[in-house]
Amino acid sequence: MKILVVDPTSSGKDLVGALRTRPDVQVDEHYQDHPFEVGSYPTDDRPERALLNRATTGGYDAVVAGSESGVTAADWLAHWMGLPSNDPELLWHRRNKKGMVDAAARAGLSTPKTWTVSSFSDLAAITDQLTELRHGVVIKPLGSGGSDSCFICRTPAEVASAVGRILGSTNLFGALKGLSSFRLCRTFGGAMC
């Protein structure tokens, strides 16, 4: 089996190492110059040409992500190449916090109360709804990865400060963050969600 791992950084290096211990697996790595991300909804955009060329000429049986920055490109390529992949209609949902919450709710899973704001006017409109601040509110950009610009806030002032730091800045993939998503945190057995 021949596998292409897109952006095997961080723990993705461990994935590559584990795959290489298998005698029946050949692993190639590709590091993107600019991580491929879709906008608010799926588009016809494509990953960078070097990755497309490598993927289509390499005879791969699978394309997988090696880190957060490789998720969109690996999913898109695997589907495009007819390899096992995630549903391309849900690509946006895997990278966008609001999309994730909406998909989980449609599947019947319990989800935290979530708001999306794109301005301080939007924030002012929902401030009176932030009644459970004693448990904390997680503030993070809609589209990023890891703990990039992730804040736990317990007061309206902390919420406003976090939103101010996110709006108009760029995420770890170099894209404009633009929107902030809020999640009410609840405690489960002493752990924060």
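Note that the structure is predicted; figures quoted are calculated from it, not measured. Just so you know, residue 1 is the first one in the sequence shown, and it goes up from there.
Met81 and Met1 sit in two unconnected hydrophobic clusters of ILVMFWY residues. Membership requires side-chain heavy atoms under 4.5 Å apart, directly or through other members. Connection of Tyr31 to Leu4 is not established within any shared hydrophobic cluster, with ILVMFWY side chains joined at heavy-atom distances below 4.5 Å, either directly or through further cluster members. Linking Ile, Leu, Val, Met, Phe, Trp and Tyr whenever their side-chain heavy atoms come within less than 4.5 Å puts Val137 and Ile126 in one cluster.
Residues Trp80 and Thr56 form a side-chain contact, since some pair of their non-hydrogen atoms from C-beta on lies under 4.5 Å apart. Leu52 is listed as a side-chain neighbour of Trp76, based on a closest heavy-atom distance under 4.5 Å. Counting heavy atoms from C-beta on, the side chains of Asp61 and Ile3 never come closer than 4.5 Å. Residues Thr114 and Asp102 have side chains not in contact (no heavy-atom distance under 4.5 Å, counting atoms from C-beta outward). Contact check for Val25 versus Arg20: no side-chain heavy atoms found under the 4.5 Å cut-off. With a 4.5 Å cut-off on side-chain heavy atoms, Val5 and His30 do not count as touching. At a threshold of 4.5 Å between non-hydrogen side-chain atoms, the residues Tyr60 and Asp28 count as touching. Residues Cys150 and Val138 form a side-chain contact, since some pair of their non-hydrogen atoms from C-beta on lies under 4.5 Å apart.
Nearest heavy-atom pair across Ile152 and Glu158 is O-OE1, 4.2 Å. When all heavy atoms are compared, the tightest approach of Ala74 to Val64 is CB-C, 3.5 Å. Summarising the geometry of Gly12 relative to Pro8, their closest heavy-atom pair is O-CB, 3.8 Å, with the distance given to 0.1 Å. Shown here for Val27 and Leu19, the closest heavy-atom pair between the two residues is CG2-CB, 3.5 Å. Of all the heavy atoms in Leu123 and Ala160, the pair that sits closest is CD2-CA, 3.9 Å. Scanning all heavy atoms of the two residues, the minimum distance from Ser69 to Asp7 falls at OG-OD2, 2.8 Å.
Put simply, the side chain of Ser161 never gets that close to the backbone of Ala157: no donor and acceptor are under 3.5 Å apart.
Checking Ser85 against Asp75 by side-chain atom types alone, no donor-acceptor pair falls below 3.5 Å. When only modelled atom types and interatomic distance are considered, Ser67 and Thr9 share a side-chain donor-acceptor pair under 3.5 Å.
By the side-chain hydrogen bond (donor to acceptor under 3.5 Å, both in side chains) test, Asp14 is found to be paired with no residue, residues two or more places apart in sequence or in another chain being considered. Listed by chain and number, the residues in a salt bridge (charged side-chain N to carboxylate O under 4.0 Å, His left out) with Asp24 are Arg22 (sequence neighbours excluded).
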Checking Phe151 against Val163 for the side chain to side chain contact (heavy atoms under 4.5 Å, CB included) test, could you report, in this order, the C-alpha distance in whole Å, the side-chain angles of both residues, the deciding distance, and whether it holds? CA-CA 9 Å; Phe151 303 93; Val163 169; over 6 Å; no
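Arg49 CZ: 12 or fewer foreign heavy atoms inside a 6.0 Å radius. The neighbour count for Lys2 NZ, taken as heavy atoms of other residues, nucleotides or ligands under 6.0 Å away, is above 12.
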